Amino acid sequence: MGFAQSSHRGGTGMDYGRFADDQVKAIRDVVGTGTAINALSGGVDSSVCTVLGHRALGERMKTFFVDNALMREGEPEQVVRTFADLGISVTLVDARREFLGALAGLTDPEQKRQAITDTFYAKVFSRLVRETGARYLIHGTILTDVEETVAGIKRQHNILAQLGIDPVKEYGYRVLEPLVTLRKDGVRGLAKAVGLPAAVADRMPFPGPALATRVVGEVTERRLATVRAATRIVEEELADTGAFQYLAVLLADRATGIRSGQREFGEIVVVRCIESRDAREATATRLPWEKLEALCRRITSIPGVNRCLYDLTPKPPATVEYI
Ligand code: XMP
């Protein structure tokens, strides 16, 4: 459980300002004159942790954004800029080669996910922890993560184990989880209360393994570039739908098409747009036909892509992501 207990679980009527103050004080009390570290993904949970940590510790809070090569267009720079605007310095770590190397040749979904987890924790982040000498890690675990881990829905999120750190040997090392009593709506409320822009507080869910969850088959730079271009188009076209989540997926299959009078065996991109309350169940959004046609037109103008499909499958039986 978290180090600063609170009876609040978010929702209406919660005093987010006070909650933030309590967590800042708790971080300060625990870390004292020490150094803490956190990894910022740009998602709302790690963003709120970053603000709380910096309020509590100032320069003794070291925040890193790891560029794993799997981010959306301009995302690493955008996240660093958002925090610079808030007066918080975030160090961008270029780990693209490490992640692409770990993913090379892998096509099995679970192996791909494992390679990303291992590269992040066992290689990149554990190196940063050791280099900074930080003894405290601020992590954006929320109540739902704990519940889903206990229920066996989510993979183990025991951070110390994933870092390859034995807490007994590494005496004094602590993980602080200031958001562990909150659910997503509570974290979004807190995000606004601590001054994060709406683009962060209300950000659409984006998975930790990032665009790798949207590349079926091998994840290569070239295939990432294709799905990244499709993602930008989908996010631009569907921003005004108010849907829960929308995304583009690159399939491993190919299909024959015709371009400039020549037959080509091209790539296939799937567009997914869903309505959901919490991503446990979902249904496809009934997008207007004109919108679908516009998406199709733009996506099939990406070099090499000659088909665009819209996924109607609810969850279950499908999941939201493709790996
Ligand atoms: P699925 O694909 O399981 O996705 O139906 C449900 C929701 O969770 C997101 N998702 C993830 N989020 N790490 C995350 O932080 C992950 O590994 C991950 N996999 C899926 C997905 O985008 C959807 O909102």
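Just so we're clear, the structure is a prediction, and the values are computed from it rather than from any experiment. The residues of the chain are indexed from 1 along the displayed sequence. Just so you know, ligand 1 is whichever comes first in the structure, and atom 1 is the first atom listed for that ligand.
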Q) What's the shortest heavy-atom distance between M61 and I37, and which atoms? A) CE-C, 3.9 Å
Q. Does T213, backbone or side chain, put an N or O under 3.5 Å from an N or O of ligand 1?
A. no
Q: Could you find the nearest protein heavy atom to atom 8 (O) of ligand 1 and give me its residue, atom name and distance?
A: A279 CB, 4.7 Å
Q: Determine, using heavy atoms of R113 and all atoms of ligand 1, whether some pair is separated by less than 4.0 Å.
A: yes
Q: Identify, for atom 23 (C) of ligand 1, the protein heavy atom at the shortest distance, and state residue, atom and that distance.
A: Q245 OE1, 3.4 Å
**Q.** Atoms of ligand 1, numbered as shown, that sit under 4.0 Å from any heavy atom of K315
**A.** 1 (P), 3 (O), 5 (O), 6 (C)
Q. Among V271, T226, L309, which one satisfies side-chain contact (heavy atoms from CB on, under 4.5 Å) with I299?
A. V271
Q) Under the 6.0 Å and 45° cation-pi test, does R214 pair with Y322? A) no
Q. Any idea which heavy atoms bring T213 and P207 closest together, and the distance?
A. OG1-CG, 3.4 Å
Q | Minimum-distance protein heavy atom relative to atom 16 (C) of ligand 1 | A | P209 CD, 3.4 Å
**Q.** Protein heavy atom at shortest distance from atom 10 (N) of ligand 1
**A.** P207 CB, 3.8 Å
Q. Is the closest N or O pair between G208 and ligand 1 shorter than 3.5 Å?
A. yes
Q: Test V30 against Y136 for side-chain contact (heavy atoms from CB on, under 4.5 Å), laying out the working first.
A: CA-CA 9 Å; V30 173; Y136 302 89; 3.7 Å; yes
Q: Provide the number and element of each atom of ligand 1 under 4.0 Å from a heavy atom of P205.
A: 24 (O)
Q. For atom 21 (C) of ligand 1, what's the nearest protein heavy atom and its distance?
A. E321 OE2, 3.4 Å
Q | Reference residue K184; test salt bridge (Lys or Arg N to Asp or Glu O under 4.0 Å); the match among D45, D145, D278, D202 | A | D45
Q. Does a sphere of radius 6.0 Å around CZ in R203 hold more than 12 heavy atoms from other residues, nucleotides or ligands, not counting ones at 6.0 Å or beyond?
A. yes
Q: Take the angle between the ring planes of F125 and F120 and call it parallel below 30°, perpendicular above 60°, tilted in between.
A: parallel
**Q.** Closest protein heavy atom (residue, atom, distance) for atom 4 (O) of ligand 1
**A.** V320 CB, 3.7 Å
